[in-house]
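First up is the structure itself, then whatever we jot down about it.
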Amino acid sequence: MLDKFITPVIKPLLTPVVMLMHKRGITADQLTVVGFLVGLLAVPLLAFEIWYGALVAIALNRILDGLDGALARYANQSSSAGGFLDITLDFLFYAVIPLGFILANPEQNAIAGSLLLATFIGTGSSFLAFAIAAEKFKLEKPQFKYKSFYYLNGLTEGTETIALFIAFCIWPQHFAVMASIFAIACGITIFTRIHGGYHTLKQQEADANKAAENVPSSANSEVIDD
């Protein structure tokens, strides 16, 4: 929900760092992989209840995630392969953070963490499934033209999820409550994406079929006129 407002603000701030990295020969894919590995460090830190250490790992992961796309665009290295790598590792990162809290306190966090992971699967699958169909119909991305995938809006997007992870690390004793509330919000996102995505694609298919039906009739009329 907040991504379309936050991303344009952050993007210009990354430019000086991106320029320096490009001069050093660093590639966007390298940043993507390094950022993911740094993010994975949060899991053992969370499991051993080193909350602020995990917070640093999460923050670094997000910074590197912002830099990789900016670097790819600056260096004209944007590609479907890079976009695939980025979004796949992003979703894996989102999944392992709740796992870290479950490992830290299974008795208190297991049910809420599992519920959150289940809804993460729902938001992720609805997002990616629509992106595939959107590519087929060449739908434009007015709010995220610099993204490799079509971003179907929702109540819970990247900005909200990272804010949640930060809150988890600051108030770990309230993980179960916050995770449950966010899982409900994710459920709303899943519903709106399925509903909106289904009807959007239905309309696209109807328009495509109508256009296909009109092509032969136009051609035949030209033949008759001749």
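The structure presented is a predicted model; accordingly, all values stated were derived computationally and were not measured.
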Grab the two heavy atoms, one from L71 and one from A28, that are nearest each other, plus how far apart they are. CD2-N, 3.7 Å
Could you tell me the separation between the CD atom of E160 and the OG1 atom of T189, rounded to the nearest 0.5 Å? 8.0 Å
Rounded to the nearest 0.5 angstrom, the CG-CG distance for D86 and L31 is 10.5 Å
Verify the ring-centre separation between F127 and F91: is it less than 6.0 angstrom? yes
Under 4.0 Å between a Lys/Arg side-chain N and an Asp/Glu carboxylate O for K210 and D207? no
More than 12 heavy atoms of other residues, nucleotides or ligands under 6.0 Å from CG of L37: is that the case? yes
CD1/I63 to CG/D68 distance, rounded to the nearest 0.5 angstrom? 12.5 Å
Taking the side chain as every heavy atom from C-beta outward, state whether F182 and T119 have any atom pair closer than 4.5 Å. no
Given 3.5 Å as the limit, does a donor-acceptor pair link the side chain of T27 with the main chain of Q30, or not? yes
Between CD1 on residue I58 and CG on residue L41, distance to nearest 0.5 Å: 11.0 Å
OG1 (T88) and CG (D90) are apart, to the nearest 0.5 Å, by 8.5 Å
Test item: S125 side-chain N/O and G122 main-chain N/O as donor-acceptor pair under 3.5 Å: yes
Quick one: do F130 and I194 satisfy side-chain contact (heavy atoms from CB on, under 4.5 Å)? Show the steps, please. CA-CA 9 Å; F130 185 83; I194 291 175; over 6 Å; no
For the residue pair L164 and F168, establish whether any side-chain heavy-atom pair is separated by less than 4.5 Å. yes
Are F175 and W51 close enough that their ring centers fall under 6.0 Å? no
Pair F36 and F93, ring centroids less than 6.0 Å apart: no
Under 3.5 Å: donor-acceptor pair, side chain of N61, backbone of A57: no
Assess whether atom CD of Q173 is packed by more than 12 heavy atoms of other residues, nucleotides or ligands within 6.0 Å. yes
Test of understanding: clusters of I, L, V, M, F, W, Y form through side-chain heavy atoms closer than 4.5 Å, transitively. Do L60 and L45 belong to the same one? no
With side chain to side chain contact (heavy atoms under 4.5 Å, CB included) as the test, pick out the partner of Y94 among L116, I162, L89. I162
Quick check: is W171 connected to I166 through a chain of hydrophobic side chains (ILVMFWY, heavy atoms under 4.5 Å apart)? yes
Are L20 and V34 linked, directly or through other ILVMFWY residues, by side chains that come within less than 4.5 angstrom of each other? no
Hey, could you give me the CZ/CZ distance between R62 and F165, rounded to the nearest 0.5 Å? 8.5 Å
Ignoring hydrogens, what is the shortest heavy-atom contact between P172 and Q108? Give both atom names and the distance. O-NE2, 4.5 Å
Flag the pair P98 / F120 as yes when at least one side-chain heavy-atom distance between them is below 4.5 Å, and no otherwise. yes
Looking at F101, is its backbone amide N or carbonyl O close enough to the side chain of N109 to form a donor-acceptor pair, meaning the two atoms are under 3.5 Å apart? yes
Are Y198 and I188 co-members of a hydrophobic cluster defined by side-chain heavy atoms under 4.5 Å apart? no
Between V18 and A70, the two heavy atoms sitting closest are CG2-CB, 3.6 Å
Residue pair I97 / L46, side-chain heavy-atom distance below 4.5 Å: yes
Side chains of I111 and L115: does their closest heavy-atom pair fall under 4.5 Å? no
Flag the pair L117 / I102 as yes when at least one side-chain heavy-atom distance between them is below 4.5 Å, and no otherwise. yes
Heavy-atom closest pair, residues A112 and S180: CB-OG, 3.6 Å
Donor-acceptor pair, distance only, cut-off 3.5 Å: does the side chain of R193 make one with the backbone of T123? yes
